[in-house]
Amino acid sequence: MADDTPQEHPAVECVLADGGPRRVGWYRFYFADERWEWSPEVERMHGYEPGTARPTTEMVLAHKHPEDGGQVAATLAGVRRTATAFSTRHRIVDTRGDTHDVVVVGDRLFDESGEAVIGSHGFYIDLTPPRAAPSREQQNQVSEVAAEITEARSGIEQAKGMLMLIYRINGDAAFELLRWRSQETNTRLKSLSQQLVKDFLELDYHEQLPHRSVFDRLLLTTHLRADS
């Protein structure tokens, strides 16, 4: 797949990922045996090295911040009962005791026939600020590249702005989310962004925005309508 991200600028990659692991990752949750699967990125968010954790419902809930655990448990119970899409913003506490502010978006996971819902799948976005601020040189390099992106890739910037508004995340997190969806679905970033903007603008509403689950579904399926 041709990637539209500015990979020739390592400073951008460093700052977007805050100098560490990727800050977006996927999960799958199977209802029948309550089995979980995490991507390496989500595993790291919880403080585990990739391949070392065997996530269970109890483990997932145990990592929720004490003030958010009840809300997440209720959301999870509702997902199991109604087999519906969801999105939530809450905090998790990793194995080191550090708190992460995350957005989790989930959709229905179907069996091979495409008819029966067997679970939930989606992604985590870690919004936690980096421990160390980027250097002035990195900031300058990122600003220069961002200016190029803004000028040459207006569709990406539009999609970023929409995601920032809908999910209340910053520009870096929105860009990382777009880039992750591009790589996960083998779809060019520019095409994915343009289709996402088109999908959002074609929503039929008047005075009140649609429920966020509508945007969740579009985000998770935009690649099916985009030119790869």
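None of these values were measured; they are calculated from a predicted model.
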Heavy-atom closest pair (T187 atom, A226 atom, distance to 0.1 Å) is CG2-CB, 4.0 Å
Show the numbers, then the answer: is there a side chain to side chain donor-acceptor pair (under 3.5 Å) between D101 and T128? CA-CA 5 Å; D101 184 17; T128 312; over 6 Å; no
Would you mind reporting whether T185 and T222 have side-chain heavy atoms less than 4.5 Å apart? no
Reported OG-to-CZ distance for the pair S193 and R179, which is rounded to 0.5 angstrom: 12.5 Å
Contact check, side chains of F175 and L189, non-hydrogen atoms, under 4.5 Å: yes
Taken in chain and number order and not counting sequence neighbours, the residues that satisfy side chain to side chain contact (heavy atoms under 4.5 Å, CB included) with T57 are F29, E34, W36, L61, L76, R80
Using 0.5 Å steps for rounding, measure from the CG atom of D199 to the CG atom of L192. 9.5 Å
Nearest heavy-atom contact between G25 and V42 is C-CG2, 3.5 Å
Closer than 4.0 angstrom, basic N to acidic O: yes or no for R181 and E184? no
Find out if a path of hydrophobic residues (ILVMFWY) with successive side-chain heavy-atom gaps under 4.5 Å connects V60 to Y30. no
Contact between T88 and V102 at the side-chain level, heavy atoms closer than 4.5 Å - yes or no? no
What's the separation between atom CG in L127 and atom CD in E176, rounded to the nearest 0.5 Å? 11.5 Å
Which of these passes ring pair (Phe, Tyr, Trp, His ring centres under 6.0 Å) with F123: Y27, W26, W38, W180? W180
Would you kindly confirm whether V93 and Y48 end up in one hydrophobic cluster when ILVMFWY residues are joined by side chain heavy atoms under 4.5 Å apart? no
With no hydrogens and no angle check, do the side chains of R212 and S87 hold a donor and an acceptor under 3.5 Å apart? yes
In Å, rounded to the nearest 0.5 Å, how long is the span from CZ of R91 to NE2 of H100? 13.0 Å
Close side-chain approach of E41 and Y124, heavy atoms under 4.5 Å: no
Basic-acidic side-chain contact under 4.0 Å: E157, K160: yes
Between A173 and I125, the two heavy atoms sitting closest are CB-CG2, 4.3 Å
What pairs with E49 under salt bridge (Lys or Arg N to Asp or Glu O under 4.0 Å), at least two apart in sequence or on another chain? none
Does the side chain of H121 pick up a donor-acceptor pair with the side chain of D107 at under 3.5 Å? no
Any side-chain heavy-atom pair of D126 and V103 under 4.5 Å: no
Heavy-atom donor-acceptor pair, T95 side chain to G47 backbone, under 3.5 Å: yes
T82 side chain to G78 backbone, donor-acceptor under 3.5 Å: yes
Please determine, by modelled atom types, if D94 and H46 share a side-chain donor-acceptor pair under 3.5 angstrom. no
So S120 and L109, do their side chains get closer than 4.5 Å, heavy atoms only? no
Where do R225 and T221 land on the side chain to side chain donor-acceptor pair (under 3.5 Å) test, with the steps shown first? CA-CA 7 Å; R225 298 177 293 279; T221 60; 3.2 Å; yes
Verdict with supporting geometry, L196 and M162, side-chain contact (heavy atoms from CB on, under 4.5 Å): CA-CA 9 Å; L196 186 64; M162 290 178 171; 5.9 Å; no
Rounded to the nearest 0.5 Å, how far does NE2 of H65 lie from CD of Q71? 12.0 Å
For residues F200 and F215, establish whether the separation of their ring centroids is below 6.0 Å. yes
Same cluster or not: are M164 and L177 linked, directly or through other Ile, Leu, Val, Met, Phe, Trp or Tyr residues, by side-chain heavy atoms under 4.5 angstrom apart? no
Please examine the side chains of L219 and L163, heavy atoms only from C-beta on, and report whether any two atoms are closer than 4.5 Å. yes
Should L220 and L165 be regarded as members of a common hydrophobic cluster, given that ILVMFWY residues are connected when their side-chain heavy atoms come within less than 4.5 Å of each other, either directly or indirectly? no
Do R217 and S213 have side-chain heavy atoms sitting under 4.5 Å apart? no
Using modelled atom types only, decide if a donor and an acceptor are shared between the side chain of R23 and the backbone of D172 within a distance under 3.5 Å. no
With no hydrogens and no angle check, is any side-chain donor or acceptor of E43 less than 3.5 Å from a backbone partner on G51? yes
Same cluster or not: are I156 and L201 linked, directly or through other Ile, Leu, Val, Met, Phe, Trp or Tyr residues, by side-chain heavy atoms under 4.5 angstrom apart? yes
R188 side, atom CZ; Q194 side, atom CD - distance, nearest 0.5 Å: 10.0 Å
If the condition is side chain to side chain contact (heavy atoms under 4.5 Å, CB included), which residues does A83 pass it with, not counting sequence neighbours? F31, V117
